[in-house]
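Let me begin by presenting the structure, written as structure tokens, before commenting on it.
Proteins get letters first, then strands, A, B, ... in listed order; numbering begins at 1 in each.
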There are 2 protein chains.
Amino acid sequence: MEQEVAEDAGVSSSAVDQTVRQILDLIRNRAMSVGDVLPTERELGELFGASRNTIREALRTIRTYGLIDPKPRVGAVLADRHDIAIQNFFAAQMDISRTSFNDIQGFRRIIEVSIGDHIILNASAAELDALDEVNGLIETSKDVQEAAQRDFDFHMALMKLADNRMLVQTYQFLSPVILHIMTVGKSIRPVLSETRHAHGEIIAALRTRDRIAYSYLMSRHLDFGLRFVPDDLENTRISPAMPGQTSSKDSDNA
Amino acid sequence: MEQEVAEDAGVSSSAVDQTVRQILDLIRNRAMSVGDVLPTERELGELFGASRNTIREALRTIRTYGLIDPKPRVGAVLADRHDIAIQNFFAAQMDISRTSFNDIQGFRRIIEVSIGDHIILNASAAELDALDEVNGLIETSKDVQEAAQRDFDFHMALMKLADNRMLVQTYQFLSPVILHIMTVGKSIRPVLSETRHAHGEIIAALRTRDRIAYSYLMSRHLDFGLRFVPDDLENTRISPAMPGQTSSKDSDNA
DNA sequence: GACAGGCTATTGGTCCAACAATATGGTCGC
DNA sequence: GCGACCATATTGTTGGACCAATAGCCTGTC
């Protein structure tokens with residue numbers, strides 16, 4: 001076996017790390033894209049002269065990056081799961097329990113209030129109509145949970161108008177916490193019609209491209225919602241998206 | 001009550017995924033921090049009733065997150081290598097999907113341009129002076145890397161004025177990628193004085209509480225920086241951010 | 001020919017038992 | 001006291017084994 005030891009950034013390190021690079025190179029050299037399948041673990045082992053366990057650890061790394069999704073009897077198929085992967089990175093890095101709910105609500109406030117300019121500049125009439133539709137669903141909710149989900153859906157739809165994946169992913173990451181806050185708030189003070197109305201005003205401000213009104217309305221809306229959330233909400237532990245769901249679960253079938 | 005993942009609880013995910021969660025829980029429950037060492041692989045295996053290979057794959061995932069740094073004969077020590085981890089993450093992504101960098105810059109644009117209102121309302125004169133000081137360091141930079149770091153420091157200081165931990169955490173999370181973008185930009189067009197001047201104008205706008213000017217200046221500043229970043233940023237490898245250096249190897253010395 | 005149902009082989013998932021490399025810590029000789 | 005040396009514990013790597021699931025073939029019925 002060649003040792004490939006070189007002053008070249010000391011990359012020879014471990015067999016697993018080498019294998020990670022080799023597999024990534026393989027993907028690139030073969031110009032593989034989403035949907036293609038990698039050689040089997042046993043074949044990769046033979047190809048790179050590494051044991052299957054080593055290959056598996058390398059694949060585990062690549063899998064953590066969200067690049068592959070191993071399927072039994074098929075092989076590791078190239079995937080574009082980087083959104084889930086980055087959420088897992090988020091979850092692993094940030095101990096959400098240490099970031100207070102006030103911080104998260106404050107974050108929302110900063111984002112959502114100030115996103116107005118961007119939306120006003122870019123959103124089409126059709127998109128605003130779609131927003132109206134989402135908002136209309138709120139009052140059809142059967143229980144508090146559903147209402148919270150619909151409420152969240154509206155705010156998420158708003159974020160999506162900003163057309164930035166990083167932003168959407170951040171919100172998706174925070175969704176369990178935000179939903180929790182909304183659920184608690186609505187349990188204490190279930191006024192779906194008011195929420196719907198406030199959302200409606202916000203949409204109207206967007207339609208007339210009145211950024212001042214938007215800022216004011218959104219700001220008021222968020223403050224209002226927060227007013228009915230008890231201070232000791234901090235103690236309620238919520239688990240954000242934990243690492244592990246690199247596959248299955250998501251029902252994004254066509 | 002729990003939102004649990006649809007059908008069945010926990011059993012659905014693989015043994016490795018379960019182990020990842022268990023280890024992360026272990027770290028959290030024992031309130032372990034950087035420098036502490038995890039139980040040995042065999043102990044973890046006994047603890048969770050999993051084979052050593054399973055434990056190792058789980059550790060490999062956590063290692064990919066940059067949370068641990070296994071040392072022979074010592075054990076896996078808690079580490080804070082998320083910067084390298086994120087860099088590796090994006091480096092791996094770039095080979096396949098090429099839109100991430102634009103997403104990040106777009107995200108910055110949304111955040112930084114719109115944060116102005118918030119800062120104008122809350123920042124004290126002393127804080128703005130401190131900002132000036134940070135900005136002054138830019139032109140003292142010896143090399144491109146340092147300049148990028150100083151540039152980032154300024155924008156980070158700006159974010160901190162918003163006084164929101166979630167926001168700061170998000171920026172810290174993205175910092176390796178942002179630094180990379182900045183480094184590439186400055187390598188191509190090293191004009192530190194222009195950067196300093198642009199920052200100065202932004203601070204001035206904050207001082208006079210001119211939110212219109214701030215928006216315009218910040219927007220122009222970010223667009224300007226982005227203009228000199230090549231489209232094929234993926235191929236521009238500054239520092240080999242390839243997987244492998246989760247440990248030592250990288251020069252701690254001069 | 002078409003469809004249904006069962007069979008088989010392939011593949012990932014997990015486990016086991018070793019050996020290699022290496023750093024730690026203790027022990028011995030001086 | 002101190003340095004050389006060795007035992008030992010731990011991760012790194014290997015080769016193999018078995019299991020569960022299932023894609024695709026094979027067969028049989030209509």
Side-chain angles (χ1 to χ4, degrees), chain A residues 1-5 10-23 35-64 66-79 81 243-249 253, chain B residues 7-8 10-23 35-64 67-79 81 243-249 252:
Chain A
M1 288 295 163
E2 297 293 331
Q3 252 318 71
E4 315 210 9
V5 143
V11 218
S12 90
S13 40
S14 77
V16 174
D17 292 335
Q18 284 185 44
T19 306
V20 170
R21 276 191 296 274
Q22 284 174 308
I23 295 177
D36 298 344
V37 305
L38 245 49
T40 70
E41 296 176 352
R42 292 170 176 88
E43 284 171 349
L44 288 172
E46 204 171 331
L47 192 58
F48 300 139
S51 118
R52 194 172 151 227
N53 281 332
T54 301
I55 300 291
R56 279 188 62 81
E57 285 198 39
L59 287 176
R60 173 66 61 176
T61 292
I62 298 176
R63 181 180 179 167
T64 304
L67 295 180
I68 61 174
D69 190 13
K71 285 206 169 79
R73 176 59 224 232
V74 173
V77 306
L78 272 274
R81 282 280 192 261
Q245 42 257 40
T246 23
S247 64
S248 60
K249 180 211 159 204
N253 44 8
Chain B
E7 66 249 25
D8 73 62
V11 190
S12 67
S13 48
S14 72
V16 174
D17 291 338
Q18 284 185 47
T19 306
V20 170
R21 276 191 290 269
Q22 285 173 308
I23 294 176
D36 298 343
V37 304
L38 244 51
T40 71
E41 296 174 353
R42 290 175 179 85
E43 283 172 350
L44 287 172
E46 203 171 332
L47 193 57
F48 300 139
S51 111
R52 194 170 154 233
N53 280 339
T54 302
I55 300 292
R56 278 187 64 80
E57 285 198 40
L59 288 176
R60 175 66 60 175
T61 292
I62 298 176
R63 180 181 180 167
T64 304
L67 296 180
I68 62 174
D69 188 14
K71 286 203 171 92
R73 173 59 226 233
V74 174
V77 306
L78 273 273
R81 311 299 276 172
Q245 38 256 47
T246 25
S247 70
S248 44
K249 238 19 183 215
D252 314 289

Spatial distance of atom CZ (A:R56) from atom OG1 (B:T54) [nearest 0.5 Å] = 8.5 Å

A:T19 OG1 to A:L44 CG distance, which is reported to the nearest 0.5 Å = 9.0 Å

Summary of salt bridge (Lys or Arg N to Asp or Glu O under 4.0 Å) pairs that have at least one residue in residues 42-54 of chain A, sequence neighbours excluded = A:E41-A:R52

Would you say the base of D:dG12 and the side-chain of B:R60 have a donor-acceptor pair closer than 3.5 Å?
-> no

Tell me: CD of A:E46 to C1' of D:dG15, nearest whole Å?
-> 14 Å

Spacing of CZ belonging to B:R60 relative to CD belonging to A:E57, to within rounding of 0.5 Å = 4.5 Å

How close or far is atom P of D:dA17 from atom CZ of A:R42, stated in whole angstroms?
-> 12 Å

To the nearest Å, how far apart are B:I55 CD1 and D:dG12 P?
-> 14 Å

Under a criterion of less than 4.0 angstrom to any heavy atom of chain A, what are the 5'-terminal and 3'-terminal contacting nucleotides of DNA chain C?
-> C:dA9 to C:dC16

Between D:dG16 atom P and A:R56 atom CZ, what is the distance in whole Å?
-> 17 Å

What integer distance in Å separates B:L59:CG from D:dG12:C1'?
-> 13 Å

Taken to the nearest whole Å, CZ/B:R63 to C1'/D:dT11 is 10 Å

Atom-to-atom span, CG of B:D69 to C1' of D:dG12 - whole angstrom | 14 Å

Starting at the 5' end of DNA chain D and moving along, which residue's nearest nucleotide shows up first, A:V16 or B:R73?
-> B:R73

Tightest non-hydrogen contact, residues B:I55 and B:A50, listed as CD1-CB, 4.1 Å

A:F48 atom CZ is separated from D:dT13 atom C1', nearest whole Å, by 17 Å

Worked verdict on A:I68 versus A:I23 for side chain to side chain contact (heavy atoms under 4.5 Å, CB included) | CA-CA 11 Å; A:I68 61 174; A:I23 295 177; over 6 Å; no

Closest listed nucleotide, where the reference is the side chain of A:N53 and the choices are D:dT10, D:dG16, D:dT11 = D:dG16

Residue closer to the 5' end of DNA chain C, B:S51 versus A:P39 (nearest nucleotide) = A:P39

To the nearest 0.5 angstrom, please state how far the CD1 atom of A:I62 sits from the CG atom of A:D69.
-> 13.0 Å

